[in-house]
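Just the heavy atoms: all of them, side chains too, but no hydrogens, waters or symmetry mates, feed the values below.
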Amino acid sequence: MTLPLSPIRRTDARPPLLSLCDETEIQSVLDLLSFIEEPELAGLRVLELACGAGTVTLPMAAAGHRVLATDSRAEVLDLLTTRIDDLRPTRPDVASRVESCRADMTDFLFEERFKAVCIPAGAITALDPEQRRETIRLATAHLAPGGRLILSAEHVRPEAPASATFTARPGITLTERIDHARRRRRVTLARGQETRTSDLFLVTPHDLLHDFKDAGVTVDYRHFIPDARRPHHTNIVFGTVKLR
C-alpha cells in the first residue's frame, strides 16, 4: 500500500536525519508480516526497534499493522510524532495504529509479546558484536510463539575500497571510510551543508545466522539486494520465526 507521507519538518537546529532505507526493504518487511497467518497472532502488535522518523513504521501501519515504535533518540521520536499528527486529518486509521516510546534497543523490556519484532534500515550494524547478540536475544524473547524477527543489514565485502564517495539520492552524498582489519566503517551522509556521521560495524550474513541460531529463531527468508551504486555492498533482509 502506498501511503502519502508528510515531509519531515525541522523541530530544532540539528540536521535532519537521513536514511538509505529504500522501497525494496520496506516491501520485504511488509511481505514478511503478511506471512503471519496464525489466528492467535492476529491481534498482536509489531515492535519496531530504532524506528527513526518512521520510514518503515508508517508503511507498516498503512498496511493494517499496529506498531509500537521505539528509539533511544528523543529528537527522532519528536519527528515521528509530528508525522503522525500530520496524518491524523486525512489518515486517522494509520495514525491510530502507531504508539511511540523511548527505548534503547540493547536494553528494553515490555510486558506484552509481539507478532513481530522489526529492526530496519541496518540499525543493527551500529552495535558492537556483544550488543548485537543481546539485542537479537531480547527481540526473540519478546516474540510470541510463531512470531517473526525481521532484520535488515548491509554487508560490505572485503574487497570494498577503504574510502569512497557517491550520490545516494539526488542532492544527498554518502562518504564511506572502511577499516576492514577492525571491522569498522564510518559513513557520512550530506545534504547541502547538513551532515550526519555514523560509526558502524561490519557485519556478515554468517555473523547474523550465528546470532539467530543462538537466540533460538529459525531463518526462513533472506533477500539479498546488490547495491548497484556500490558494487561491493549488499543489502540483506532476514526473516526468522520463533518456533513453538
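- For the pair Pro161 and His232, the minimum side-chain heavy-atom distance is below 4.5 Å.
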Practice problem: Starting from the C-alpha separation in whole Å, work towards a yes-or-no answer on side chain to side chain donor-acceptor pair (under 3.5 Å) for Ser28 and Asp31. | Solution: CA-CA 5 Å; Ser28 292; Asp31 287 345; 5.5 Å; no
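- With no hydrogens or angles considered, no side-chain donor-acceptor pair links Thr135 and Thr106 at under 3.5 Å.
- With His142 contributing its side chain and Phe110 its backbone, the two residues share a donor-acceptor pair below 3.5 Å.
- When all heavy atoms of Gly146 and Val241 are compared, the closest pair comes out as O-CG2, 3.6 Å.
- Residues Thr234 and Arg157 bring a donor and an acceptor atom of their side chains to less than 3.5 Å of each other.
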Quiz item: Can you check side-chain contact (heavy atoms from CB on, under 4.5 Å) on Val98 and Glu48, steps first, answer last?
Solution: CA-CA 10 Å; Val98 181; Glu48 184 182 9; over 6 Å; no
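- Closest of all the heavy-atom pairs between Ala63 and Leu30 is CB-CD2, 4.0 Å.
- Checked by atom type and distance alone, the side chain of Lys242 pairs as donor or acceptor with a backbone atom of Thr140 at under 3.5 Å.
- Within 6.0 Å of atom CZ in Arg113, more than 12 heavy atoms from other residues, nucleotides or ligands are found, so the atom counts as buried in its surroundings.
- When all heavy atoms are compared, the tightest approach of Leu80 to Gly54 is CD1-CA, 3.8 Å.
- To the nearest 0.5 Å, atom CD of residue Glu25 and atom CD of residue Glu154 are 10.5 Å apart.
- Between the side chain of Thr167 and the backbone N or O of Thr173, no donor-acceptor pair lies under 3.5 Å.
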Quiz prompt | Pair Asp199-Arg185, salt bridge (charged side-chain N to carboxylate O under 4.0 Å, His left out): steps then yes or no | solution = CA-CA 6 Å; Asp199 289 311; Arg185 63 189 180 113; over 6 Å; no
Exercise. Start with the C-alpha distance between Gln131 and Met105, add both sets of side-chain angles, then the distance that settles side-chain contact (heavy atoms from CB on, under 4.5 Å), and finish with yes or no.
Key: CA-CA 9 Å; Gln131 291 174 322; Met105 67 174 170; over 6 Å; no
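- Here the rule is salt bridge (charged side-chain N to carboxylate O under 4.0 Å, His left out) with Glu176, and of Arg186, Arg184, Arg230 only Arg230 fits it.
- In summary, the side chains of Thr81 and Asp78 do not present any donor paired with an acceptor at a separation below 3.5 Å, with no hydrogens or angles considered.
- Proximity of a side-chain donor or acceptor of Arg97 to a complementary backbone N or O of Ala61 within less than 3.5 Å is detected.
- Residue Ser96 holds its OG atom at 8.0 Å from CZ of Arg88, rounded to the nearest 0.5 Å.
- Contact record, Val117 with Ala139: CG2-O, 3.6 Å, taken as the closest heavy-atom pair.
- Within the 3.5 Å criterion, the main-chain N or O of Ala121 finds a donor-acceptor partner in the side chain of Ser152.
- Side-chain contact between Val46 and Leu68 is absent, with no heavy-atom pair separated by less than 4.5 Å.
- Heavy atoms of other residues, nucleotides or ligands lying less than 6.0 angstrom from NE2 of His210 number 12 at most.
- Looking only at side-chain heavy atoms (C-beta outward), Phe201 and Leu127 stay at 4.5 Å or farther from each other.
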Quiz item: Does the side-chain contact (heavy atoms from CB on, under 4.5 Å) test come out yes or no for Leu58 and Leu87, once each step is laid out?
Solution: CA-CA 10 Å; Leu58 297 180; Leu87 280 172; 4.1 Å; yes
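- Taking both residues in full, the closest heavy atoms of Ala160 and Ile178 are given as CB-CD1, 3.9 Å, listed atom of the first, atom of the second, then distance.
- A pairwise comparison of heavy atoms in Val56 and Pro120 identifies CG2-CB, 3.7 Å as the closest pair.
- The side chain to side chain donor-acceptor pair (under 3.5 Å) analysis of residues 34-46, with sequence neighbours excluded, yields the pairs Glu40-Arg244, Arg45-Glu99, Arg45-Glu112.
- Outside the 6.0 Å centre-distance limit, the rings of His223 and Phe238 are not counted as a close aromatic pair.
- The CG atom of Leu174 sits 12.0 Å away from the OG1 atom of Thr195 when rounded to the nearest 0.5 Å.
- Side chain of Gln27 to main chain of Thr24: no donor-acceptor pair is present (N/O by atom type, distance under 3.5 Å, no hydrogens or angles).
- If you take CZ on Arg73 and CG on Asp104, they are separated by 11.0 Å, rounding to the nearest 0.5 Å.
- Follow the hydrophobic side-chain contacts under 4.5 Å out from Phe114 and you never reach Tyr221; the two are in separate clusters.
- Note on Val203 and Leu138: same hydrophobic cluster, where clusters join Ile, Leu, Val, Met, Phe, Trp and Tyr whose side-chain heavy atoms are under 4.5 Å apart, directly or indirectly.
- If you chain together hydrophobic residues whose side chains sit under 4.5 Å apart, Leu208 and Leu202 never meet in one group.
- Cluster membership check: Leu33 shares its hydrophobic cluster with Leu44, using side-chain heavy-atom separations under 4.5 Å among Ile, Leu, Val, Met, Phe, Trp and Tyr.
- Of the possible donor and acceptor atoms, none in the side chain of Thr125 sits under 3.5 Å from a partner among the backbone N and O of Ala153.
- A salt bridge links Asp93 with Arg91: at least one charged nitrogen is closer than 4.0 Å to a carboxylate oxygen.
- Residues Lys213 and Thr218 form no side-chain contact, since every pair of their non-hydrogen atoms from C-beta on lies 4.5 Å or further apart.
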Practice problem: Begin from the C-alpha positions of Arg132 and Asp211 and carry the test salt bridge (charged side-chain N to carboxylate O under 4.0 Å, His left out) through to its verdict. | Solution: CA-CA 8 Å; Arg132 187 186 72 233; Asp211 295 343; 2.6 Å; yes
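- Here Glu134 pairs with Arg137 in a salt bridge; the nearest charged N to carboxylate O distance falls below 4.0 Å.
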Quiz item: Between Leu47 and Thr70, does a side-chain contact (heavy atoms from CB on, under 4.5 Å) hold up when you go through it step by step?
Solution: CA-CA 8 Å; Leu47 172 62; Thr70 70; 3.8 Å; yes
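- No continuous path of ILVMFWY side-chain contacts below 4.5 Å connects Ile26 to Phe224, so the two sit in separate hydrophobic clusters.
- Between the side chain of Thr240 and the main chain of Leu149, a donor-acceptor pair closer than 3.5 Å is present.
- The distance from atom SG of Cys118 to atom CD1 of Ile150, rounded to the nearest 0.5 Å, is 5.5 Å.
- Separating the NE2 atom in His65 from the OG1 atom in Thr57 is a distance of 12.5 Å, to the nearest 0.5 Å.
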